[in-house]
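This is a predicted model, so every value here is computed, not measured. The analysis underlying the following values was restricted to heavy atoms, covering all of them including side chains, and did not include hydrogens, waters or symmetry mates.
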Amino acid sequence: MSYLFSRLRDKTKLMTQFCTLLIVSLLFSHNTFASGTIMIDLTRPSEYQRWQATNDNVMGGISQGQLSFDGQSSRFWGELSLANNGGFSSVNRPIESLPAEVEQVELEFIGDGRTYQLRLATWKNGNRITYKHEFFTDNSGQRQKKIFDLKNFQAVFRGRLITDAPVLAARDIKQVGMLIADKKPGPFGIHLFQIQFKAGAN
């Protein structure tokens, strides 16, 4: 009888610990979103390894670009070329499903005076759609923050706008990326610190 009682007590203890961990996990997840800290931390030395480069060589161009860690941030850099009808370089990475409450994306970076695109890709009902938001950078060497509303992203396909695309919804986003295609040949480089997904302003 004492053996059975001991087994029952151990099982009860384990169940209590499991429930406690589950509650703490749920609270942590809620507080993380509530405090606006659902983000991609590009100051982590290993973060750049999750990103994949896609340049215009897939269409015959010769532009070069990549994401690498420079000791303090992840740097999207390379050289743009307009030869062979090329002219773009991009990097992207997959992301976990976002809460439906997300309405904005905040980007922290140091620019180089060129124009870039923040890109979000969705996958819904077997269809992939890419949405872009262009932004300008300065070459002051100072950190900048820009906030982008999801409603202002434009659906595109091979550089052309899609007029009948569905509204961009956070829960459908499966990928985030950066692209440069400003029609200016030459070297480029933008230091990325964080990408943060946020609820809309109250």
Side-chain angles (χ1 to χ4, degrees), residues 28-55 63-80 88-122 130-154 156 168-182 184 186-202:
F28 177 77
S29 298
H30 173 75
N31 290 335
T32 296
F33 179 66
S35 62
T37 55
I38 291 183
M39 73 173 184
I40 297 172
D41 184 0
L42 288 128
T43 66
R44 295 179 57 194
S46 61
E47 171 59 31
Y48 80 96
Q49 297 173 349
R50 303 193 63 181
W51 294 69
Q52 179 179 358
T54 302
N55 300 312
S63 297
Q64 299 179 19
Q66 62 182 305
L67 192 74
S68 60
F69 184 66
D70 65 7
Q72 295 182 326
S73 65
S74 296
R75 184 171 180 248
F76 174 36
W77 64 282
E79 185 161 353
L80 211 62
F88 78 86
S89 177
S90 69
V91 289
N92 60 74
R93 58 113 70 201
I95 61 173
E96 300 294 331
S97 297
L98 295 170
E101 296 88 348
V102 169
E103 297 179 359
Q104 297 178 326
V105 187
E106 181 180 282
L107 178 67
E108 185 174 356
F109 60 91
I110 294 177
D112 59 354
R114 300 187 65 160
T115 299
Y116 292 83
Q117 296 177 20
L118 177 63
R119 294 167 74 92
L120 303 171
T122 65
T130 300
Y131 296 77
K132 74 169 184 176
H133 198 307
E134 292 190 345
F135 64 98
F136 301 99
T137 71
D138 62 39
N139 57 2
S140 66
Q142 301 298 314
R143 285 199 190 193
Q144 293 180 260
K145 283 185 179 181
K146 288 187 180 291
I147 296 177
F148 309 91
D149 292 326
L150 295 190
K151 65 182 180 182
N152 293 330
F153 279 75
Q154 298 175 300
V156 292
L168 177 60
R171 61 182 176 273
D172 299 326
I173 297 171
K174 304 301 180 186
Q175 188 181 80
V176 61
M178 297 287 300
L179 180 142
I180 183 168
D182 60 1
K184 297 178 181 179
F188 66 87
I190 181 172
H191 298 266
L192 304 171
F193 295 93
Q194 69 177 34
I195 299 172
Q196 187 166 258
F197 300 95
K198 309 173 68 173
N202 295 326

Item to check | Aromatic ring pairing H133/F153, orientation class (parallel under 30°, perpendicular over 60°, tilted between) | outcome: perpendicular
Checklist entry - side-chain contact (heavy atoms from CB on, under 4.5 Å) with R75: which residues, sequence neighbours excluded? => result D70, W77, H191
Item to check | Electrostatic pair E108-R143, nearest N-O below 4.0 angstrom | outcome: yes
Checklist entry - Rounded to the nearest 0.5 Å, what separation is found between the CG atom of L120 and the CD1 atom of I173? => result 4.5 Å
Next on the checklist: Can you tell me how far apart OG (S97) and CZ (R171) are? Round to the nearest 0.5 Å.
Outcome noted: 11.0 Å
Item to check | Closest heavy-atom pair and its distance - G111, I190 | outcome: CA-CG1, 4.3 Å
Checklist entry - Which one of D138, D182, T137 satisfies the side-chain hydrogen bond (donor to acceptor under 3.5 Å, both in side chains) criterion with R114? => result D182
Checklist entry - Within a strict 4.5 Å, meaning less than it, do heavy atoms of the V176 and R93 side chains meet? => result yes
Next on the checklist: Which residues pass the salt bridge (Lys or Arg N to Asp or Glu O under 4.0 Å) test with E79, not counting sequence neighbours?
Outcome noted: none
Next on the checklist: Which residues pass the side-chain contact (heavy atoms from CB on, under 4.5 Å) test with D172, not counting sequence neighbours?
Outcome noted: T122, K124, A169
Checklist entry - Would you say the side chain of I110 lies within less than 4.5 Å of the side chain of L192, judging by non-hydrogen atoms? => result no
Next on the checklist: Which heavy atom of A170 sits nearest to which heavy atom of A100, and what is that distance?
Outcome noted: CB-O, 4.5 Å
Next on the checklist: How long is the straight-line distance from OG of S73 back to CD of E47, given to the nearest 0.5 Å?
Outcome noted: 12.0 Å
Checklist entry - Quick one: side-chain contact (heavy atoms from CB on, under 4.5 Å) partners of F136, sequence neighbours excluded? => result T115
Checklist outcome for this item: Nearest heavy-atom approach of I147 to K198 is CD1-NZ, 4.3 Å
Checklist outcome for this item: For S89, the side chain to side chain donor-acceptor pair (under 3.5 Å) test, sequence neighbours excluded, returns N55
Next on the checklist: Under a 3.5 Å distance rule, please check whether D112 uses its side chain to pair with a backbone N or O of G189 as donor and acceptor.
Outcome noted: yes
Next on the checklist: Please check if the number of heavy atoms outside Q175 that lie under 6.0 Å from its CD is greater than 12.
Outcome noted: yes
Checklist entry - Just wondering, do V105 and L118 contact through their side chains at under 4.5 Å, heavy atoms? => result yes
Item to check | Close side-chain approach of E106 to K145, heavy-atom, < 4.5 Å | outcome: yes
Checklist entry - Does the pair L42 and F193 meet the rule for a side-chain contact (heavy atoms from CB on, under 4.5 Å), with working shown? => result CA-CA 5 Å; L42 288 128; F193 295 93; 5.7 Å; no
Next on the checklist: Measuring from atom OG1 of T130 to atom CZ of R119, what distance do you get when rounded to the nearest 0.5 angstrom?
Outcome noted: 5.5 Å
Checklist entry - What distance separates L107 CG from K146 NZ, expressed to the nearest 0.5 Å? => result 9.5 Å
Checklist entry - Is there a side-chain contact between T54 and V91 (heavy atoms, below 4.5 Å)? => result no
Checklist entry - Should K174 and E96 count as an ion pair when the cut-off is N to O under 4.0 Å? => result no
Checklist entry - Considering residues at least two apart in sequence or located in another chain, which fulfil the side-chain contact (heavy atoms from CB on, under 4.5 Å) criterion with S63? => result D56, L80, S81
Item to check | Any side-chain heavy-atom pair of F76 and W51 under 4.5 Å | outcome: no
Checklist entry - Is the ring centre of F109 less than 6.0 Å from the ring centre of F135? => result yes
Item to check | Residue pair F69 / T43: nearest heavy atoms and the distance that separates them | outcome: CE1-O, 3.3 Å
Item to check | Atom CD of Q52: over 12 foreign heavy atoms under 6.0 Å | outcome: no
Item to check | Value rounded to 0.5 Å, distance of CD in Q104 from NZ in K151 | outcome: 9.0 Å
